[in-house]
Amino acid sequence: MKCPFCGYEESKVIDSRPTDEGEKIRRRRECIACQKRFTTYEIIESVPIVVVKKDKSRQAFDRVKLFNGMLRACEKRPVSIEQIDKIVSEIEAELQNSLDREVTSIHIGELAMDKLKALDEVAYVRFASVYRQFKDINTFMDELAKLLGEK
């Protein structure tokens, strides 16, 4: 590991501990040459998930895009940023743990709606209205009727 202070390429590990629920390892290092200490993080390199969109185009899975969509649906609702982040992490973990390297945007949207439905029904309906592209009030009412029927 290259020292950020002097550029020397050898250091010794002083302390190692897991962070982010075991997703990363934090290492305190000391440079052999200048004896200054610095921190490094190791993460598991994952194979990228490719999202197949409705128009059959493909793009890399973007966690931020999913997070922002859910954040808009949860605006002015009693849902914390931490709850949204947790849901996005759960969805991302589920996608990473599946054997499929390509997943449809429809599948991701359904996962997001399932999680939102359990968290906040208003946020769920907001997300569904954009995701399912409700064309008119009848489509919207049909979704509300399904939601009320499940209760």
Side-chain angles (χ1 to χ4, degrees), residues 1-5 7 9 11 13-29 37-151:
M1 184 61 59
K2 192 175 186 178
C3 174
F5 302 105
E9 295 204 12
S11 62
V13 176
I14 298 168
D15 181 41
S16 273
R17 57 180 76 175
T19 62
D20 294 341
E21 299 175 14
E23 297 289 321
K24 298 179 186 174
I25 295 178
R26 178 185 181 270
R27 298 199 193 279
R28 281 297 286 162
R29 298 178 177 268
R37 293 182 176 188
F38 57 98
T39 303
T40 60
Y41 292 89
E42 291 181 19
I43 58 169
I44 297 171
E45 186 175 45
S46 60
V47 178
I49 299 165
V50 177
V51 178
V52 180
K53 309 211 31 133
K54 289 177 185 174
D55 66 357
K56 303 296 182 214
S57 66
R58 287 168 165 71
Q59 68 182 61
F61 173 75
D62 187 357
R63 167 189 179 87
V64 174
K65 193 172 180 181
L66 178 60
F67 180 86
N68 288 338
M70 294 181 85
L71 183 63
R72 276 192 302 275
C74 294
E75 268 181 24
K76 298 182 182 177
R77 298 298 306 152
V79 178
S80 69
I81 298 291
E82 291 78 22
Q83 288 173 302
I84 297 169
D85 193 50
K86 182 176 182 264
I87 288 174
V88 172
S89 294
E90 288 171 2
I91 292 170
E92 186 175 25
E94 190 171 328
L95 296 174
Q96 285 287 350
N97 291 335
S98 76
L99 298 176
D100 299 328
R101 291 297 104 205
E102 285 191 352
V103 64
T104 63
S105 59
I106 294 167
H107 180 64
I108 295 171
E110 294 297 328
L111 289 173
M113 286 192 300
D114 288 344
K115 302 278 186 186
L116 279 174
K117 187 186 285 187
L119 182 66
D120 186 273
E121 292 175 344
V122 172
Y124 160 75
V125 172
R126 287 177 179 172
F127 190 89
S129 70
V130 172
Y131 173 73
R132 291 198 175 136
Q133 299 173 343
F134 291 167
K135 301 281 188 255
D136 55 26
I137 192 72
N138 293 329
T139 317
F140 188 80
M141 292 304 290
D142 290 343
E143 190 64 35
L144 286 176
K146 276 193 254 177
L147 188 61
L148 290 171
E150 290 175 5
K151 282 189 163 185

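Computed over heavy atoms, backbone and side chain alike; hydrogens, waters and symmetry mates excluded. Quantities reported herein were computed from a predicted structural model and do not represent experimental measurements.
Within a 6.0 Å radius of CD in Glu110, other residues, nucleotides and ligands contribute more than 12 heavy atoms. The environment of Arg77 atom CZ is dense: over 12 non-hydrogen atoms of other residues, nucleotides or ligands sit within 6.0 angstrom.
Judged by distance alone, with hydrogens and angles left aside, the side-chain atoms of Arg28 form no donor-acceptor pair with the main-chain N or O of Thr40 at under 3.5 Å. Remark: the backbone N or O of Ala93 is paired with a side-chain donor or acceptor of Asn97 at under 3.5 angstrom.
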**Prompt:** Please walk me through it: do Asp55 and Ser57 pass side-chain hydrogen bond (donor to acceptor under 3.5 Å, both in side chains)?
**Reply:** CA-CA 6 Å; Asp55 66 357; Ser57 66; 2.6 Å; yes
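Between Arg63 and Ser89, the shortest heavy-atom contact is NH2-OG, 3.0 Å. Here the shortest heavy-atom pairing between Glu92 and Ile49 reads O-CD1, 4.4 Å. Pro78 and Asp120 get closest at one heavy-atom pair: CD-OD2, 3.9 Å. The shortest non-hydrogen separation linking Val51 to Ala60 is CG2-C, 4.5 Å. Pairing each heavy atom of Arg29 with each of Ile14, the nearest pair is C-CD1, 4.0 Å. In terms of heavy-atom proximity, Phe127 sits nearest to Gly109 at CE2-O, 3.9 Å.
The OH atom of Tyr124 sits 10.5 Å away from the OG atom of Ser129 when rounded to the nearest 0.5 Å. Rounding to the nearest 0.5 Å places CD1 of Ile84 at 8.0 Å from CG of Leu116. Here the straight-line distance linking atom OG1 of Thr39 with atom CG of Asp15 works out to 9.0 Å at 0.5 Å rounding.
Checked options Ile87, Val88, Leu111; the residue passing with Leu66 is Val88 (criterion: side chain to side chain contact (heavy atoms under 4.5 Å, CB included)). Checked against Glu102 for a salt bridge (Lys or Arg N to Asp or Glu O under 4.0 Å), the options Lys56, Arg58, Lys53 give a single hit: Arg58.
Glu90 and Lys86 are joined by a salt bridge, as a carboxylate oxygen and a charged side-chain nitrogen come within less than 4.0 angstrom of each other.
When side chains are defined from C-beta on, Gln96 counts as touching Arg101, because their heavy atoms get closer than 4.5 Å. Contact of the Ile91 side chain with the Phe67 side chain is not registered, since no non-hydrogen atoms from C-beta on lie closer than 4.5 Å. Within the 4.5 Å cutoff, the side chain of Met1 has no heavy atoms near those of the Arg27 side chain.
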